[in-house]
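Working notes, beginning with the structure itself.
The analysis underlying the following values was restricted to heavy atoms, covering all of them including side chains, and did not include hydrogens, waters or symmetry mates.
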Amino acid sequence: MESRRNQALNVRIEAAKFATGREHPIHKANGEELQYRFAKPGAGASAEDSLRGGKPSYITNYTKGLPHREDDGLIADPNDFQQFVRGIDSGDTRDFRDTPLGPLQRDASGQVIARGAQYNQPITWQSGFTNSDAVKNAKGGSVDVRAWESQGAGNTFDLQGPDAQAVTMPPAPVADSDELIAEMAEVYEMALLRDVPFAKFAYDGDVNAAIARLNHLAWFNGSPMPGLSPEAQARRRGEVTQQNAFRGTTFGDNVGPYLSQFLCAGTPELGSEAQTEDSARAGLVQYGALVFQSKVRVATPYRDYMTTWESWLDVQNGADLRGTETYEGDCPDTRYRFIATPRDLATYVHYDALYEAYLNACLAMLALKVPFDPGVPFQGADILDRQQGFAHFGGPHILSLVTEVATRALKAVRFQKFNVHRRLRPEAIGGRLHRMKNTSGNPSFQPFEAMCDRLSETGLLEAVRAHNARQNSIQDGRDEDQETLTSYLLPMAFPEGSPMHPAYGAGHATVAGACVTILKAFFDHRYVLPRPYVCPAPSGQSLEVANCVPDLTVEGELNKLASNISIGRNWAGVHYFTDYSESVRMGEAIAIGILEEQKLTYGENFSMSVPLFDGQTVRI
């Protein structure tokens, strides 16, 4: 027993030494946080203007939940942001509790009497939507504020895999860069296309119009861009086509249907030796003796949120509107369907369990009997190996590990979000552009002038205005004034908008990168999956064989799955493309680190060949 005890200690020490040997990178933000400032107030300035005068405006940073001014939607007191950062850096719950949360509270004369909501006191919200009976009924009473999510997670430690601060992401694109202009244009276009069935993307007129507008932007049309950083140069994409529009950039993303087979096709049923066309079409995936079906709740089509200034402002001030969206259907046949539209995909990523898609993919591959990587032991005939994989190198091993990596990924990405980049969400940029189009003369918005000009020149902002005018004329409980007809706000799939944490990196995408890497390590990534299936429009109640499609491999469809889930958040309006593209790679690094350390704990001589998102391969 003493020998075993020492052996266990030595293995842990070796793993710790291996982890210590990793270089801890320098984390770099894009430098904008203190760059832009409010104008210094002149003589006779109001107390509210004096509070901000000459101080950082944090116009390119995430300020959601802090009190914002009603006139421009920017932070009311820059000191609140510094208190927010103090809590992030210290991890002290007392600092979090001292951070103002919620809207400015004013008296009858309009004077500010409190910055943020006060415990057990009524909150004054601005919009008819937030104050509507429908919302109050959905919330079981008045609307409260939302707290921020896990600001201190990046300060925690783990006993396995890379430390949360041992992985990093490059600086996010700056406000006036061609890259961010293109990213914001893409998110706007996706919002306008949210109800176009994927099956119609190849010939839909609105999709073609969106592609044409995007290709007018320098980021996509090949215009010279001297001075790009190596990271930005690597991210730059070429011309947008019907085949690559709104897809990812990894191997397999542009092959076959938009959706990964792991989000739709079924597997063999219990008692069946092989997948049949009936089982694949039904989309039923074996889960032990149970099955689950890859159908989602159908959100009300053509219903977007946050398209009036008042509702946008409520959400920026932290209004907790979660669970107030509406859904279709009076019977099961209409309440649920296969993912048929981008709105369906947005609904999936609204409520998924983060690792859900990858656990489901693992279950599907086990049911399909996809072979493991050739380097994984115990794959020979029982008469030869005399041992089968189970507790190690078997189903329980991979099923638990593919979920376990998610916690490491979330801690690492929380450090990037809160401690390093603090990047504002797309909905906030929508507010900046809306105010610029409806008012004039505010120098605070200067960082976004180039974006406003370019998106106006392409006709995109006019298309957004027309979309929002239609929204605001038909939805009950919306404020009706002239500004509802000139709304340039980003139409959101969720009433509450983005989560209560900054944009960069993306939690969904980091988890996707980690989980998919684990699956590619264990399973034979070159294995060709059975015939592909797609969801035809518009009912979404059945699948059909996708004809004339090249072979779809495990690697390609897992990469596509990671992109579908990550970019599904872009379809909802809560993330940018770089949030996806950089985060999946950070998640990949986390998974590789865990596999490297775990290998030290096994006595078997084995290997895994892991294809990476950049086309290279790592051997564990």
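- The two residues W219 and A182 make their nearest non-hydrogen contact at CB-CB, 3.5 Å.
- The number of heavy atoms from other shown groups lying within 6.0 Å of OH (Y355) does not exceed 12.
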**Message:** R585 vs E582, test: salt bridge (Lys or Arg N to Asp or Glu O under 4.0 Å). Steps then yes/no.
**Reply:** CA-CA 5 Å; R585 286 162 173 81; E582 294 292 354; 5.8 Å; no

Step by step, would you call T326 with T300 a side chain to side chain donor-acceptor pair (under 3.5 Å)?
CA-CA 6 Å; T326 59; T300 303; 2.7 Å; yes

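- Within the model, atoms CZ of R86 and CZ of F81 stand 11.5 Å from one another, a figure rounded to the nearest 0.5 Å.
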- Criterion side chain to side chain contact (heavy atoms under 4.5 Å, CB included) on T308 and Q471, from CA distance to verdict: CA-CA 10 Å; T308 67; Q471 285 284 313; over 6 Å; no

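- Under a 3.5 Å cut-off, the side chain of N30 and the backbone N or O of A172 do form a donor-acceptor pair.
- Taking 4.5 Å as the limit, every side-chain heavy atom of H27 sits out of range of all side-chain heavy atoms of N419.
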Is there a side chain to side chain donor-acceptor pair (under 3.5 Å) between D314 and T130? Walk through the geometry before answering.
CA-CA 8 Å; D314 283 347; T130 310; 2.8 Å; yes

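- Using a 4.5 Å cut-off on side-chain heavy atoms (C-beta onward), H575 and N570 make contact.
- Here the closest non-hydrogen pair linking S473 and R470 is OG-O, 2.9 Å.
- K200 NZ: 12 or fewer foreign heavy atoms inside a 6.0 Å radius.
- Not a single donor-acceptor pair under 3.5 Å links the side chain of R414 to the backbone N or O of Q151.
- Contact record, Y302 with D195: N-OD2, 3.0 Å, taken as the closest heavy-atom pair.
- Scanning all heavy atoms of the two residues, the minimum distance from F201 to P342 falls at CZ-CG, 4.0 Å.
- Inter-residue side-chain proximity for P170 and R235 is flagged as met; some heavy-atom pair is nearer than 4.5 Å.
- What you find for R115 and L104 is that their closest heavy atoms are CG-CD2, 4.0 Å.
- Formation of a donor-acceptor pair under 3.5 Å by the D80 side chain with backbone atoms of L66 is not found in this model.
- For the pair N244 (side chain) and E239 (backbone), a donor-acceptor distance under 3.5 Å is present.
- For the pair K64 (side chain) and Q316 (backbone), a donor-acceptor distance under 3.5 Å is absent.
- Put simply, OH on Y188 and OG1 on T458 are 11.0 Å apart, with the number rounded to the nearest 0.5 Å.
- Put simply, the side chain of Y358 does not reach to within 4.5 Å of the side chain of I518, judged on heavy atoms.
- Residue L455 holds its CG atom at 6.5 Å from CG of L217, rounded to the nearest 0.5 Å.
- Residues Y351 and V296 fail the side-chain proximity criterion, which asks for heavy atoms closer than 4.5 Å.
- Checked by atom type and distance alone, the side chain of H421 never pairs as donor or acceptor with a backbone atom of P171 at under 3.5 Å.
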Passes side chain to side chain donor-acceptor pair (under 3.5 Å), Q242 versus N208? Steps please. CA-CA 8 Å; Q242 288 180 339; N208 290 333; 2.9 Å; yes

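- Among H350, R303, M492, the single residue meeting the side chain to side chain contact (heavy atoms under 4.5 Å, CB included) criterion with E325 is H350.
- The CG atom of L490 sits 7.5 Å away from the CD atom of E427 when rounded to the nearest 0.5 Å.
- The side-chain heavy atoms of T249 and F613, taken from C-beta on, include no pair separated by under 4.5 Å.
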For a side chain to side chain donor-acceptor pair (under 3.5 Å) check, start with the C-alpha distance between R236 and Q233, then their side-chain angles and the critical distance, and finish with the verdict.
CA-CA 5 Å; R236 190 175 182 191; Q233 186 63 56; 5.4 Å; no

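- To the nearest 0.5 Å, atom CD1 of residue I75 and atom OG of residue S444 are 12.5 Å apart.
- Not a single donor-acceptor pair under 3.5 Å links the side chain of T510 to the backbone N or O of G587.
- Between W309 and H434, the two ring planes are parallel [angle under 30°; tilted spans 30° to 60°].
- Residues Q165 and N155 meet the side-chain proximity criterion, which asks for heavy atoms closer than 4.5 Å.
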(request) For D206 and L192, run side chain to side chain contact (heavy atoms under 4.5 Å, CB included): C-alpha distance rounded to whole Å, both residues' side-chain angles, the deciding distance at 0.1 Å, then the answer. (result) CA-CA 8 Å; D206 290 333; L192 300 181; over 6 Å; no

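- No side-chain N or O of Q243 forms a donor-acceptor pair with one of N254 less than 3.5 Å apart.
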- Query: For I339 and C535, what are the C-alpha separation, side-chain angles and deciding distance, and is it a side chain to side chain contact (heavy atoms under 4.5 Å, CB included)?
  - Reply: CA-CA 7 Å; I339 297 173; C535 176; over 6 Å; no

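- A salt bridge links R343 with D304; the closest basic N to acidic carboxylate O contact falls under 4.0 Å.
- Annotation for A409 and A514: closest pair CB-CB, 4.2 Å, computed over non-hydrogen atoms.
- In terms of modelled atom types and a separation under 3.5 Å, the side chain of S311 and the main chain of S127 share no donor-acceptor contact.
- E186 and R237 are joined by a salt bridge, as a carboxylate oxygen and a charged side-chain nitrogen come within less than 4.0 angstrom of each other.
- Looking only at distances, no side-chain donor or acceptor of R435 sits under 3.5 Å from a matching main-chain atom of G430.
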*Report the C-alpha separation of R146 and E496 in whole Å, then their side-chain angles, then the decisive distance to 0.1 Å, and conclude whether the salt bridge (Lys or Arg N to Asp or Glu O under 4.0 Å) test is met.*
CA-CA 9 Å; R146 297 170 70 190; E496 74 276 16; 5.3 Å; no

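- Among R425, R423, R569, the one residue that satisfies the side chain to side chain donor-acceptor pair (under 3.5 Å) test with D579 is R423.
- Salt bridge present: R213 and E189 bring a charged side-chain N and a carboxylate O closer than 4.0 Å.
- In this structure, the side chains of T341 and R194 stay at 4.5 Å or more apart for every pair of heavy atoms.
- Formation of a donor-acceptor pair under 3.5 Å by the T63 side chain with backbone atoms of I59 is not found in this model.
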Run M451 and I181 through side chain to side chain contact (heavy atoms under 4.5 Å, CB included) and show every step you take.
CA-CA 5 Å; M451 180 183 294; I181 291 171; 3.8 Å; yes

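- Taken to the nearest 0.5 Å, the NE2 atom of H467 stands 10.0 Å off from the CG atom of L193.
- Taking the six-membered ring wherever Trp is involved, the centroid distance between the rings of W148 and F418 does not fall below 6.0 Å.
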